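All heavy atoms count here, side chains included; hydrogens, waters and symmetry mates do not. Treat the numbers as computed from the prediction; the structure is a model and nothing was measured.
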Amino acid sequence: MKVLKAKEMQLLDQRTIEGLGVPSILLMEKAGLSVVEAIRREFPHVKRVLVVAGKGNNGGDGLVVARHLHLLGYKVGYVLALGEDLKGDAGLQLKILKSLGLEPLREVDFKDFDLVVDALFGTGFEPPVKGEALRWIELINNSHLPVVSVDIPSGLSADSAREYEPSVKADITVTFQFPKVCHLLYPSAKRCGRLYVANIGIPTWLAQEIKREVLLKTNPPKREPDVHKGLMGHVLILGGSTGKTGAVVMSARASTRTGAGLVSVGIPEDLNSIFESSLVEEMSIPLGGKGRLSVEAVKEVLEIQSRFSAVAVGMGMDRYQEGRLIIRELLLGLERPLLIDADGLNNLADLGVEVLKERKGITVLTPHVGEFERLSGLRKDYIVENLIDVAQDFAVKYGCYLVLKSSRTVIATPEGRAYLSIRGTPAMAKGGVGDVLSGILVALLGRGMPAEEALKLGVFLHGLAGEIAERKRHRESLRALDLVEAIPEAYNLIENEAFDSPISYIP
């Protein structure tokens with residue numbers, strides 16, 4: 001499902017109305033009816049509804065809601081919060097309401113209602129809120145009533161994850177045809193509550209050029225009956241240092257669970273005994289270095305790289321001068337797909353990201369926001385508020401695949417496509433969870449899958465495994481290794497499409 005910005009949605013509206021000849025009043029009618037449907041689903045016992053309407057099309061949608069709820073027997077009141085001089089389709093909806101004997105309220109007591117419909121501002125609104133709308137947003141938020149926002153919680157920007165103040169705090173938001181950026185990214189998504197996406201008759205093919213998508217399902221690879229372990233990939237995981245051996249262990253175990261035919265870890269030779277005692281199914285390769293990998297280790301790896309189908313580096317690696325040289329030599333000398341995570345990213349940031357442009361093979365970077373701040377030079381708050389945009393820009397500029405991890409995860413490709421995963425849970429905010437993701441991703445890359453498909457499956461699998469592990473444990477008690485053990489069940493759910501969607505639909 002595509003993810004749109006405000007101007008893109010306005011253009012699709014225009015193409016539907018002017019290009020296809022669909023009357024705008026029909027789109028408004030369908031939008032209002034979908035909000036009514038969501039109210040009846042979510043709040044079956046509500047009978048008294050207040051609609052707070054603005055002056056534009058969003059207000060018109062709200063007036064459609066008021067009319068249909070009235071015809072269904074609800075007690076309905078509505079207020080024209082920003083003035084009564086409504087034009088166009090919104091003006092027509094007001095005229096219809098008045099012809100039914102429903103006049104706008106002059107005074108409002110929220111105690112007379114069970115639910116509020118927020119129809120002040122739509123996706124075209126640009127913060128900040130000014131004038132009389134300030135008072136109405138405050139009244140809605142202080143009403144202690146359930147709130148349903150039409151299209152977007154009033155006060156937010158459709159294009160940003162920023163949690164603008166003031167803005168409505170909705171229990172559910174019903175948006176039309178496509179989700180917008182603010183509905184899916186945190187912290188703005190907290191204001192939206194449960195998200196409904198309603199079909200109002202805008203053809204989805206009109207959005208085919210949009211390169212943003214929300215990742216709602218994915219397809220795992222199939223094993224042929226005559227397969228053997230050599231065809232399932234042999235991945236190499238490089239990293240580990242004194243005090244940080246666990247990161248490589250977790251990655252290796254995740255790779256095995258994900259389906260890699262063979263998994264080897266390349267680690268400093270003096271730490272080999274730790275890995276020999278910690279790993280059973282995975283193999284260890286002692287490489288040059290005392291306490292952490294040396295540049296000599298890279299030379300050893302490049303000499304035997306034909307044995308491997310994909311390489312990951314950085315987990316527990318440490319950040320040091322020689323680490324920069326290791327990353328550089330791998331980028332320039334490794335012909336296999338290379339995934340860089342954790343301290344590998346920090347060493348890359350110290351080295352300078354321009355070296356990525358010299359890389360000829362597939363490169364995957366998997367930073368969290370802090371690591372991406374060091375890579376990109378952007379502020380953390382700007383990254384969080386523009387997660388998709390900054391990921392796309394970086395991936396295109398440096399010709400790499402970027403898996404940018406925050407409360408949501410964005411997969412960006414060198415061609416400028418972006419996939420947003422909304423799977424996962426706050427329980428996954430634990431050390432080691434990123435190491436598990438890297439192990440999953442390198443295993444899938446090693447299978448020979450197209451990089452884009454491998455990353456989509458891996459990120460989705462990782463998030464779903466986190467949800468499963470949380471249900472079996474507890475939000476506070478989840479460990480990274482719990483995710484590894486949940487991978488098989490996550491695979492089963494994906495194969496059978498037996499998982500719930502975080503987004504509700506109204507056809």
Side-chain angles (χ1 to χ4, degrees), residues 1 194 214-225 227 229 231-233 235 237 246-263 278-282 310 312 315 339 341 366 403 405 407-409 411 419-449 452-504:
M1 178 180 287
R194 181 161 183 81
V214 58
L215 194 58
L216 296 177
K217 64 178 182 178
T218 186
N219 299 310
K222 294 182 179 180
R223 290 188 177 229
E224 298 297 332
V227 76
K229 62 185 178 184
L231 294 176
M232 291 294 97
V235 303
I237 298 172
V248 174
V249 171
M250 288 184 286
S251 288
R253 290 181 180 176
S255 286
T256 300
R257 275 294 191 199
T258 303
L262 294 166
V263 179
S278 299
L279 298 173
V280 177
E281 299 170 72
E282 300 80 17
M315 291 70 76
L339 182 148
D341 186 30
T366 59
V403 179
K405 303 174 293 189
S407 49
R408 303 296 201 198
T409 298
I411 303 158
Y419 303 93
L420 178 67
S421 176
I422 55 176
R423 305 266 22 152
T425 162
M428 296 167 69
K430 293 282 183 71
V433 168
D435 301 311
V436 170
L437 176 60
S438 292
I440 291 172
L441 296 179
V442 74
L444 295 172
L445 290 167
R447 291 279 293 269
M449 296 178 65
E452 186 171 310
E453 297 305 312
L455 299 178
K456 287 160 63 177
L457 172 59
V459 168
F460 196 89
L461 184 71
H462 180 254
L464 199 56
E467 295 173 20
I468 294 166
E470 180 188 48
R471 289 197 296 270
K472 292 185 174 181
R473 302 293 183 181
H474 185 276
R475 177 165 290 188
E476 300 301 330
S477 302
L478 183 143
R479 304 177 307 158
L481 287 176
D482 294 331
L483 269 72
V484 176
E485 297 311 308
I487 290 172
E489 187 173 341
Y491 262 134
N492 282 328
L493 293 179
I494 290 172
E495 287 175 352
N496 297 301
E497 294 190 20
F499 48 85
D500 295 331
S501 173
I503 299 175
S504 296

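In this structure, the separation between CD on E224 and CG on L231 is 10.0 Å, given to the nearest 0.5 Å. Expressed to the nearest 0.5 Å, how far NZ of K456 lies from CD1 of I411 amounts to 8.0 Å. Expressed to the nearest 0.5 Å, how far CZ of R257 lies from OG of S255 amounts to 13.0 Å. Remark: Y419 OH to L215 CG distance equals 9.0 Å, nearest 0.5 Å. A distance of 10.0 Å separates NZ in K430 from CZ in R479, rounded to the nearest 0.5 Å. Remark: I237 CD1 to M250 CE distance equals 11.5 Å, nearest 0.5 Å.
Electrostatic pairing of K472 and E485 does not count as a salt bridge here, judged by no charged N lying under 4.0 Å from a carboxylate O.
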Check your understanding: Can you check side chain to side chain contact (heavy atoms under 4.5 Å, CB included) on I494 and L457, steps first, answer last?
Key -> CA-CA 9 Å; I494 290 172; L457 172 59; 4.3 Å; yes
Exercise for review: Starting from the C-alpha separation in whole Å, work towards a yes-or-no answer on side chain to side chain contact (heavy atoms under 4.5 Å, CB included) for V484 and T256.
Suggested key: CA-CA 9 Å; V484 176; T256 300; over 6 Å; no
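Residue V249 comes nearest to S278 through the heavy atom pair CG2-CB, 4.0 Å, listed as atom of the first residue, atom of the second, then distance. Closest approach of G431 to A480, counting heavy atoms only: O-CB, 3.9 Å. Shortest non-hydrogen contact noted between P220 and E495 is CG-CG, 3.6 Å. Between V433 and M428 the shortest heavy-atom distance is CG2-O, 3.4 Å.
Considering only heavy atoms from C-beta on, P502 comes within 4.5 Å of R423 through its side chain. Side-chain contact check for R223 versus M232: some heavy-atom pair is nearer than 4.5 Å. At least one side-chain heavy atom of I422 sits less than 4.5 Å from a side-chain heavy atom of I503.
In terms of the side-chain hydrogen bond (donor to acceptor under 3.5 Å, both in side chains) criterion, E281 has no residue partners (sequence neighbours excluded). Take Y491 and apply the ring pair (Phe, Tyr, Trp, His ring centres under 6.0 Å) test, not counting sequence neighbours, and it matches no residue.
The environment of N496 atom CG is dense: over 12 non-hydrogen atoms of other residues, nucleotides or ligands sit within 6.0 angstrom. Counted within 6.0 Å of CZ on R473, heavy atoms from surrounding residues, nucleotides or ligands total 12 or fewer; the atom is thus considered open.
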Determine all donor-acceptor pairs shorter than 3.5 Å in which one atom belongs to a side chain in residues 434-449; sequence neighbours excluded.
from, atom 1, to, atom 2, distance (Å)
S438, OG, D341, OD2, 2.7
S438, OG, G434, O, 3.4

